Amino acid sequence: MNQTLTILLESAVIGALIGFGASAGVARMFHAPKVQGMGAFRTLGELNACENDPVAHFSFGFGFFFNAWASAVGTGALTSDVDHRIVPHWAASLAMARNRDLAEMLHNPRRMAFFGAGVGVVLVSVLNTTAASIPHSLQKVAADVLGPASEWLINPVMPIVFWMAAVDAGRRTGGWGTVLGGLAHVVMGNAVPGIVLGIVVGKALDDLGRTRVTRVLVGAVVALFAVSAVLRGVDLQLLHQMKVDAPGWLEEFHRATGTEPTD
């Protein structure tokens, strides 16, 4: 069988499975904790940030398309943006193009699954077939050109967009988004996860007030950042930059766990 046709058929099957599972899973997250969700937390926040606008969903997914294509061309691998960002957002865009009823579309796992499967078939097929058909010399050029451009989109363009959305949502949400976004940039290298968490925390406090649920949520976010900082060696690096001698047990812990800072 022709190699291109083989790649196309295999990509269609893989894309359908990816789209079906990712889109159904993220739709189930809107029904948690009554049912078990099956998606990335950032995907849920990013879907909410688009405010159920089909154009916004498509634009958001399209912003990560070039990064995914550059990765497929340059390395032959699909990034997590394909199933966490592009497929769910494009499926949401198609689902809500004519009907913006959340219960019937975005929050409906069955309908999202079929829309996602269709998106996955087309998306993965396009990525794999174009990557396979491009000569090696052009693959290197594409990776060198599109890679930096996509990095600029992811950081700093996307953090600015999400931060503006957080500030626009209110003073409390903007404050949490700013603080957690800054911490996420220091700890994780990208402010978007922190800003999304800040939006969730801020809106929860606005809607529910200081209840047990919001206290648990804030505690979980604080624990998440603390664990991430330790596992990435940020605590040790911070002490070194402050010219403070780190405790021996702390250095030994990072040495044993392989989490010593690389710089």
Side-chain angles (χ1 to χ4, degrees), residues 4-73 77-132 150 153-154 157-158 161-162 165 192-193 196 199-200 203:
T4 302
L5 182 58
T6 301
I7 294 174
L8 181 62
L9 293 176
E10 293 177 350
S11 299
V13 174
I14 295 172
L17 294 175
I18 290 175
F20 188 94
S23 300
V26 75
R28 287 171 62 91
M29 292 184 71
F30 289 101
H31 301 280
K34 294 181 180 179
V35 297
Q36 178 63 49
M38 189 176 60
F41 181 75
R42 66 183 182 187
T43 306
L44 183 66
E46 290 162 355
L47 285 170
N48 287 329
C50 290
E51 297 182 345
N52 313 319
D53 182 2
V55 176
H57 284 297
F58 177 81
S59 300
F60 185 88
F62 189 70
F64 291 91
F65 173 78
F66 293 105
N67 181 45
W69 187 80
S71 176
V73 171
L78 299 179
T79 67
S80 61
D81 291 334
V82 172
D83 54 342
H84 283 310
R85 288 186 165 118
I86 303 176
V87 169
H89 278 274
W90 284 3
S93 178
L94 290 175
M96 304 185 70
R98 294 185 178 180
N99 185 356
R100 297 195 182 187
D101 190 316
L102 294 179
E104 294 183 6
M105 294 299 176
L106 184 59
H107 296 180
N108 189 319
R110 180 176 300 176
R111 293 192 176 182
M112 281 292 290
F114 285 107
F115 278 111
V119 171
V121 168
V122 176
L123 177 63
V124 176
S125 298
V126 169
L127 291 176
N128 287 344
T129 52
T130 54
S150 61
L153 176 66
I154 296 174
V157 175
M158 292 306 301
V161 172
F162 275 90
V192 171
V196 172
I199 293 174
V200 173
K203 295 302 292 182

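Quantities reported herein were computed from a predicted structural model and do not represent experimental measurements.
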A.B. asks: State, yes or no, whether a side-chain contact exists between His84 and Thr79 at a heavy-atom distance under 4.5 Å.
C.D. replies: no
A.B. asks: List the residues meeting salt bridge (charged side-chain N to carboxylate O under 4.0 Å, His left out) with Asp53, not counting sequence neighbours, and say none if there are none.
C.D. replies: Arg100
A.B. asks: Kindly give the heavy-atom pair with the smallest separation between Asp83 and Ala22, and that separation in Å.
C.D. replies: O-CB, 3.5 Å
A.B. asks: Checking His31 side chain against His107 main chain: does a donor-acceptor pair fall under 3.5 Å?
C.D. replies: yes
A.B. asks: What is the minimum heavy-atom distance between Asn99 and Glu104, and which atoms define it?
C.D. replies: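 Closest pair (atom of Asn99, atom of Glu104, distance): ND2-OE1, 2.8 Å.
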A.B. asks: Is there side-chain contact between Phe65 and Leu127, with at least one heavy-atom pair below 4.5 Å?
C.D. replies: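 Phe65 reaches Leu127 side chain to side chain.
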A.B. asks: How long is the gap from OG1 on Thr43 to CE on Met29, to the nearest 0.5 Å?
C.D. replies: 7.0 Å
A.B. asks: Would you compute the distance between atom OG of Ser59 and atom CZ of Phe64 and round it to the nearest 0.5 angstrom?
C.D. replies: 12.0 Å
A.B. asks: Any idea which heavy atoms bring Phe60 and Cys50 closest together, and the distance?
C.D. replies: CB-SG, 4.0 Å
A.B. asks: Return the CG to CZ distance between Asn48 and Phe30, rounded to the nearest 0.5 Å.
C.D. replies: 5.0 Å
A.B. asks: Any chance you could measure Asn52, atom CG, to Leu102, atom CG, to the nearest 0.5 Å?
C.D. replies: 4.0 Å
A.B. asks: Just verifying a value: how many Å separate Arg111 CZ and Met96 CE, rounded to the nearest 0.5 Å?
C.D. replies: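 Here the interatomic distance stands at 12.0 Å.
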A.B. asks: A side-chain contact here means heavy atoms from C-beta on lying under 4.5 Å apart; do Pro88 and Glu46 qualify?
C.D. replies: no
A.B. asks: Between Ser11 and Asn128, what is the shortest heavy-atom contact and its length?
C.D. replies: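 That would be OG-ND2, 2.9 Å.
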A.B. asks: Do Phe62 and His89 make a side-chain contact, defined as non-hydrogen atoms from C-beta onward lying under 4.5 Å apart?
C.D. replies: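 No. Closest side-chain heavy atoms not under 4.5 Å.
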A.B. asks: Closest heavy-atom contact between Leu78 and Val82?
C.D. replies: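 Minimum heavy-atom contact is CB-CG2, 4.3 Å.
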A.B. asks: For Gly15 and Val124, which heavy atoms make the closest approach, and how far apart are they?
C.D. replies: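 Of all heavy-atom pairs spanning Gly15 and Val124, the closest is CA-CG2, 3.6 Å.
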A.B. asks: Between CG of Leu44 and CZ of Arg28, what distance do you get to the nearest 0.5 Å?
C.D. replies: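 Those atoms lie 14.0 Å apart.
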A.B. asks: Using the ring of each side chain (for Trp, its six-membered ring), is Phe20 parallel, tilted or perpendicular to Phe114, with breaks at 30° and 60°?
C.D. replies: perpendicular
